[in-house]
Amino acid sequence: LLQDTLEQAVAQRHLVRIPMTIAIFDLDNFKKINDLHGHDLGDQVLQRIAHIFTDRCRKVDRIFRMGGEEFLIFFYNTDSSDAINLAEELRIKIQEMDSIPGIRITTSAGLATLQENENWRAWVKRCDENQYQAKLLGRNRIVV
């Protein structure tokens, strides 16, 4: 479903020039939550974050869990400046989430707006590299 969504976005972008942006969110130090508090609590945290995403994103956007504690959000008809604002809002909502007493949940995200003549694999790779940079720069941030 993820690949199909991104392939359709690439095809549509070439036809109608609508901006498409993806964001990859990865929870910071999530393994520590599972190790210290158990996988049941870790699953509850993931569910709460999924609700934050679904409550804020539009029906035309798509949210995918890529595995573990990583999510990809496809923002339809969204340029990079609007996507930055949305991603920052989501990052703050996650940070302010009160799920485990004494532990602040944070997330690092990478964003990438589809470029001319880019295929979906290159698009995701660029986004993933930005997310990795967000981790290297100290976590709890967004890199475009």
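As a basis for the values below, the full set of heavy atoms in this structure was taken, side chains included, without hydrogen atoms, waters or symmetry mates.
Proximity of Asp128 to Glu70: side-chain heavy atoms (C-beta onward) are separated by under 4.5 Å at one or more points. Asn117 is listed as a side-chain neighbour of His14, based on a closest heavy-atom distance under 4.5 Å. You'll find the side chain of Leu2 reaches within 4.5 Å of the side chain of Leu6, heavy atoms only. Pro19 has its side chain out of reach of Thr78: every pair of non-hydrogen atoms, C-beta onward, lies at least 4.5 Å apart. Taking the side chain as every heavy atom from C-beta outward, Asn140 and Arg104 approach each other to under 4.5 Å. Contact annotation: the side chain of Arg65 approaches that of Leu46 to within less than 4.5 Å [non-hydrogen atoms, C-beta and beyond]. Counting heavy atoms from C-beta outward, Leu111 and Asn130 have side chains that stay 4.5 Å or more apart. Put simply, the side chain of Thr107 does not reach to within 4.5 Å of the side chain of Ile49, judged on heavy atoms.
Other residues, nucleotides and ligands contribute over 12 non-hydrogen atoms within 6.0 Å of the CZ atom of Phe64.
Both Val60 and Val16 belong to a common hydrophobic cluster when Ile, Leu, Val, Met, Phe, Trp and Tyr are linked at side-chain heavy-atom distances under 4.5 angstrom. A chain of hydrophobic side-chain contacts below 4.5 Å, direct or via other Ile, Leu, Val, Met, Phe, Trp or Tyr residues, connects Phe30 to Leu90. If you chain together hydrophobic residues whose side chains sit under 4.5 Å apart, Val124 and Met20 fall into the same group. Hydrophobic clustering (ILVMFWY, side-chain heavy atoms < 4.5 Å, transitive): Ile105 and Ile73 are in one cluster. Cluster membership for Ile92 and Ile84, using ILVMFWY side-chain heavy atoms within less than 4.5 angstrom, is not shared.
A donor-acceptor contact under 3.5 angstrom links the side chains of Asp28 and Ser108, judged on distance only. For the residue pair Gln8/Gln12, the side-chain donor-acceptor check at 3.5 Å is not satisfied.
Contact record, Ile22 with Cys127: O-SG, 3.6 Å, taken as the closest heavy-atom pair. Of all heavy-atom pairs spanning Ala112 and Arg126, the tightest one is CB-NH1, 3.6 Å. Across Ile52 and Met97, no two heavy atoms sit closer than the pair CD1-SD, 3.8 Å. Nearest approach of Ile24 to Gln131, heavy atoms of both residues: O-CG, 3.4 Å.
Considering NE2 of His37 and NZ of Lys32, their distance stands at 9.5 Å, rounded to 0.5 Å. Of the inter-residue distances, the one linking Phe71 atom CZ with Leu27 atom CG reads 6.5 Å to the nearest 0.5 angstrom. Put simply, CG on Asn34 and CG on Asp40 are 9.5 Å apart, with the number rounded to the nearest 0.5 Å. The CG atom of Leu114 lies 12.0 Å from the OG atom of Ser80; values are rounded to the nearest 0.5 Å. Going from atom CG of Asn77 over to atom CD1 of Ile18 covers 5.0 Å, rounded to the nearest 0.5 Å. Going from atom CG of Asp26 over to atom CG of Leu72 covers 12.0 Å, rounded to the nearest 0.5 Å.
Under a 3.5 Å cut-off, the side chain of Arg62 and the backbone N or O of Tyr76 do not form any donor-acceptor pair.
Salt bridge Glu7/Arg121: absent, no basic N to carboxylate O contact under 4.0 Å. Between Arg91 and Glu88 there is a salt bridge, since a side-chain N of the basic residue sits under 4.0 Å from a carboxylate O of the acidic one.
Of the options Phe75, Phe25, Phe74, a ring pair (Phe, Tyr, Trp, His ring centres under 6.0 Å) to Phe53 is made by Phe25 and by none of the others.
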